[in-house]
Every structure is written in structure tokens, then in C-alpha cells.
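Quantities reported herein were computed from a predicted structural model and do not represent experimental measurements. Side chains included, hydrogens not; waters and symmetry mates left out as well; all remaining heavy atoms used. Indexing begins at 1, ligand by ligand and atom by atom, following the structure's order.
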Amino acid sequence: MASNGVDEIKLVEGPAGYVLEDVPHLSDYILDLPTYPNPLQSNAAYSVVRQYFVDEDDTVQEKIVVHKDSPRGTHFRRAGPRQKVYFKPSDVRACIVTCGGLCPGLNTVIREIVCGLHFMYGVTEVIGVDCGFRGFYSKNTVALTPKTVSDIHKRGGTILGTSRGGHDTSKIVDNIEDREINQVYIIGGDGTQKGASAIYKEIRRRGLKVSVAGIPKTIDNDIPVIDKSFGFDTAVEEAQRAINAAHVEANSVENGIGLVKLMGRYSGFIAMYATLASRDVDCCLIPESPFYLEGKGGLYEFIAKRLRENGHMVIVIAEGAGQDLVAESTDQQDASGNKLLKDVGLWMSLKIKEHFAKQSVMDITLKYIDPTYMIRAIPANASDNVYSTLLAQSAVHGAMAGYTGFVSGLVNGRHTYIPFNRITERQNKVVITDRMWARMLSSTNQPSFMNPS
Ligand code: ATP
Ligand code: MG
């Protein structure tokens with residue numbers, strides 16, 4: 001069997017050391033063997049770059065640090081242009097959709113899919129689907145050209161609009177068939193990529209030659225396998241402005257507390273990295289690390305201690321932290337079925353104020369800052385613009401080569417194609433027994449809140 005495809009491949013120990021063993025259903029991830037020469041052969045870069053095309057057998061190892069006696073584990077196909085492509089550029093009719101919450105870099109990805117298809121492959125038919133999955137069957141589409149997307153990367157949000165809910169697989173695939181679309185680019189978070197996977201499976205069931213490519217989006221960095229998600233750097237950078245403001249406020253009064261709520265429903269990466277970057281934060285609270293308020297070693301005790309020592313303090317709390325403590329928990333869900341969280345920032349600011357008023361130990365002044373929607377809505381910074389551009393280029397190369405059922409993602413610093421199921425089967429979380437959390441703790445010198453009395 002040709003070893004072309006995007007499925008992960010496993011390395012097993014054979015007589016001549018480690019050998020590649022293709023998983024049996026590899027053909028699920030290719031539409032057919034590519035037969036057309038890649039038009040990039042006439043590209044200027046082709047004559048300059050020593051090895052312009054990626055060998056279809058090139059792989060990237062998932063785990064970079066491997067114990068000497070353990071199997072070398074999963075590898076993913078390396079992303080990039082292939083010598084031959086499956087689609088004849090003049091036959092391509094591509095569409096792009098964005099779903100889920102806003103994230104810096106969405107417009108950059110859209111721009112590069114359009115420009116990459118156009119300038120690298122000569123594809124001219126690209127349409128944008130309005131307002132998420134439901135846009136396939138209930139909204140209009142918009143024609144996308146390099147001209148219409150030329151400066152969208154400088155704007156926040158998504159020019160296509162987005163939505164939650166409304167994923168009706170069979171209506172969506174009907175629409176893809178009716179419009180004769182043969183490349184579908186789906187940009188969104190974990191829910192979106194589950195939706196993308198359902199579309200991919202239905203397309204295969206119907207035997208359509210349509211490539212489905214995902215570009216994972218999550219400002220929280222909670223998608224597993226990949227090194228980081230686009231928009232994360234921008235979010236951490238923008239969070240600094242809120243933390244700075246909280247620090248200025250806290251520092252300007254006696255016993256001032258600045259409380260900042262940052263994104264992170266289930267994963268505290270933004271809070272952790274923003275804390276490490278800022279160095280003004282005294283306490284960082286994330287969903288993965290439980291904490292308690294009252295008693296010895298609790299949050300109140302730590303606040304009092306830090307105020308006595310420094311006269312002010314800054315607390316950063318991720319939106320999913322301490323949900324077990326927040327009174328009247330809710331079973332409410334959003335349109336996509338995600339549990340609605342209580343506003344822990346607001347709750348926490350009231351609790352701290354109440355506590356110190358009740359104890360009359362010291363008068364405090366607390367200022368609560370919630371920059372969440374401001375952070376989500378800004379354009380990507382330079383590094384996220386580069387990253388988003390490369391993710392989009394990888395997706396275009398993969399789809400043109402005839403790969404399907406994959407997302408493009410960075411693994412150990414290399415661009416790869418990852419099967420949908422690998423990024424939707426679990427969430428990436430801060431591991432509080434790992435070094436990074438220990439580094440964060442030593443930067444704030446906060447208690448671990450591990451032993452309630
Ligand atoms: P984020 O949570 O980062 O904002 P997301 O992609 O997870 O992004 P959701 O609102 O959960 O955002 O989902 C986006 C879209 O994916 C919605 O249209 C939703 O209907 C669809 N979706 C979510 N989960 C599934 C699923 N299990 N199967 C099919 N479609 C899904
Ligand atoms: Mg989600």
C-alpha cells in the first residue's frame with residue numbers, strides 16, 4: 001500500500017531496529033493517489049530551497065523525550081508541499097468556515113488559505129461560509145479573493161462571523177454536495193473539530209472526493225498534541241496590560257488588591273504564562289489546581305500575609321478556577337452544549353471584600369478587572385500572525401495533496417498533519433506535578449493550597 005496519508009504511524013521494534021508500521025486504515029485519509037505535478041515546481045522558491053517538497057514518508061515524532069527502553073511511539077506525517085497533488089487547481093472549489101469563540105489570528109488563517117490557494121496553486125474559487133456551521137444551510141456565502149482578504153489580518157474577530165450550535169451533519173454535507181465544493185477548511189476549537197470529524201465521516205460514507213482540513217483554534221491552548229495554539233501568545237501579551245493596570249491600582253492605595261480574571265475554562269495556560277511573564281502577580285489560580293479560602297494555608301490567610309508584607313497584591317484567576325467553590329452551581333449550557341460557568345472573578349471579589357470587612361483585621365481596597373472579551377477581540381501579534389499563516393499554508397498543501405480528515409498543527413516545532421480524533425479525544429491541561437507549574441509557583445511564592453486544614 002502506498003504510504004501516503006495523514007494518519008499517525010506507529011514505530012515498532014523490528015529485526016533492524018525501529019521500523020515504520022502503517023496503521024491499517026491509512027487509505028481513509030487520502031482521497032486517492034495524487035497524479036498531477038505540483039504547480040509549485042514553477043515557483044521561485046522551488047529553485048532556491050534545497051529540498052522544497054516534503055517526502056511523503058517524512059514523519060515527526062510526538063514524544064521528543066523517550067526513555068531508552070520504551071517504544072518510540074506515535075509519529076505524524078510532516079506537513080508541506082508534495083511533489084504531486086491530487087487536485088487539478090482549476091477543478092478546486094474550496095470553502096472556509098469559522099466556528100466557536102473569537103481568537104486572535106482567525107482572519108490571518110482565512111487570509112492565508114485564500115492567498116495560499118490562489119498564489120501557490122492557482123485556485124481561484126474560494127467561498128466563505130457565513131456565521132459558522134449553520135451558515136452552510138441557512139445563510140449566504142461570500143466569494144473570497146486575495147483582494148477581499150488583503151488586510152483582514154490587521155483586524156480582530158473573523159470576517160466570516162461565527163456561531164455556536166447548529167451542527168447538522170447531513171444538511172451540511174448536502175450543501176457541500178450541492179455547491180460542488182471539494183475542499184472544506186474548518187477553523188475552530190474542540191467542538192468545531194468534532195463537528196469537522198463528523199462531516200469528514202459523512203463525506204466518506206457518501207464516497208465523495210472532498211478533502212476536509214481543520215485548523216485548530218483555542219485561545220486557552222487546551223488542544224492536545226500540538227505545541228501551542230494560534231492566538232495564545234497574543235492573549236498572554238494582552239493579558240499583561242490588564243495585570244499592569246491591576247498592579248498600578250493595587251499599588252496606589254493601602255492594602256490594595258488587584259484581581260484579574262483571564263480566559264481558561266478548563267486549562268490555566270493563559271493565567272500561568274501571563275503570571276510568569278508579568279512578575280507582578282502574587283497569586284495565580286487555575287482550574288487544575290484546587291484551592292480553598294478559609295483556615296490555615298487558605299487563600300484569605302495568604303492574602304493577609306502578602307498585604308502585611310508588601311502593602312498590596314495582584315491575583316490572577318482563570319475563569320474555570322474554583323468552580324467547585326462558587327455557590328449555586330448551574331447546569332445551564334450554551335447552544336453548543338458547553339456548560340456555562342459562573343463568573344468566578346466577580347464571586348471572588350465579593351468574597352474577599354466580605355471576608356476582610358467581617359474580620360476587620362485590615363481595610364482593603366479591591367479592584368476587579370475582567371479583560372476577557374477585549375483580549376479575544378484583538379488582532380494577532382507578529383508571532384501569531386506568522387504561526388497562523390504557516391498553519392494555513394500547511395492545511396492548503398495537505399488538502400491539495402488529497403489528504404483529508406486532518407488538522408494542521410505544530411508538533412515539537414515541526415508542522416504536521418494530525419488525524420481529527422487525536423486532538424478531540426482529550427483536553428490539554430496544565431499538569432500541576434510538572435516543572436512548569438513549579439516554576440510558576442516559585443515566581444509568585446504562593447502556597448500550593450494542597451492541604452486544607
Ligand atoms: P471554543 O470552545 O474554543 O470557543 P469550539 O469549537 O469548541 O470553540 P463550540 O461552540 O463548542 O466551540 O462548537 C463550535 C461548533 O461545533 C458548533 O457549531 C457546535 O454545534 C459544533 N459542535 C460542538 N461539539 C460537536 C460535536 N460533538 N459534534 C458535532 N458538532 C459539534
Ligand atoms: Mg470548546
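Between the side chains of Ser267 and Asp220, not a single donor N or O lies within less than 3.5 Å of an accepting N or O.
With hydrogens left out, the protein atom closest to atom 7 (O) of ligand 1 is Asp190 OD1, 2.5 Å, a heavy atom. Atom 8 (O) of ligand 1 has its closest protein heavy atom at Lys217 NZ, 3.3 Å. What sits closest to atom 13 (O) of ligand 1 on the protein, heavy atoms only, is Ser336 OG, 3.5 Å. Nearest protein heavy-atom contact of atom 6 (O) of ligand 1 is Thr192 OG1, 2.4 Å. In this structure, the protein non-hydrogen atom closest to atom 25 (C) of ligand 1 is Gly191 O, 3.5 Å. Nearest protein heavy-atom contact of atom 12 (O) of ligand 1 is Arg164 NH1, 3.1 Å.
Few gaps surround CZ on Arg206; more than 12 heavy atoms of other groups in view lie less than 6.0 Å from it. Within 6.0 Å of atom NZ in Lys84, 12 or fewer heavy atoms from other residues, nucleotides or ligands are found, so the atom counts as exposed in its surroundings. Sparse packing is recorded around CE of Met374, with 12 or fewer heavy atoms of other residues, nucleotides or ligands lying under 6.0 Å away. More than 12 heavy atoms of other shown residues, nucleotides or ligands fall within 6.0 angstrom of atom NZ in Lys228.
Ligand 1 does not have Arg265 within reach: every non-hydrogen atom of the residue lies 4.0 Å or more from it.
Listed by number with element, the atoms of ligand 1 under 4.0 Å from a non-hydrogen atom of Gly189 are 5 (P), 6 (O), 7 (O), 8 (O). Near Asn338, the atoms of ligand 1 lying under 4.0 angstrom from a non-hydrogen atom of the residue are 9 (P), 10 (O), 11 (O).
At under 3.5 Å, not a single nitrogen or oxygen of Asp334, backbone or side chain, sits near a nitrogen or oxygen of ligand 1. Between Gly165 and ligand 1, an N or O atom pair is found at a separation short of 3.5 Å. Close N/O approach between Gly101 and ligand 1 is found [any backbone or side-chain N/O within under 3.5 Å].
Taking CG of Leu346 as the start and NZ of Lys261 as the end, the distance is 8.0 Å to the nearest 0.5 Å. Interatomic distance, Met400 CE to Lys88 NZ, rounded to the nearest 0.5 Å: 11.5 Å.
Summarising the geometry of Val260 relative to Ile243, their closest heavy-atom pair is CG2-CA, 4.2 Å, with the distance given to 0.1 Å.
At distances below 3.5 Å, at least one donor-acceptor pair connects side-chain atoms of Asn428 with backbone N or O atoms of Asn221.
For an aromatic pair to be called close, the ring centres must be under 6.0 Å apart, and Tyr121 with Phe87 fails this.
The option with the heavy atom closest to atom 26 (C) of ligand 1, from among Arg134, His167, Met263, Lys194, is Lys194.
Between Phe133 and Phe136, the ring-plane angle classifies as parallel under the 30° and 60° cut-offs. The aromatic rings of Tyr29 and Tyr200 lie parallel to each other, with less than 30° between the two planes, well short of the 60° mark.
Only protein N, O or S atoms were considered, and those under 2.8 Å from the Mg ion (ligand 2) are Asp190 OD1.
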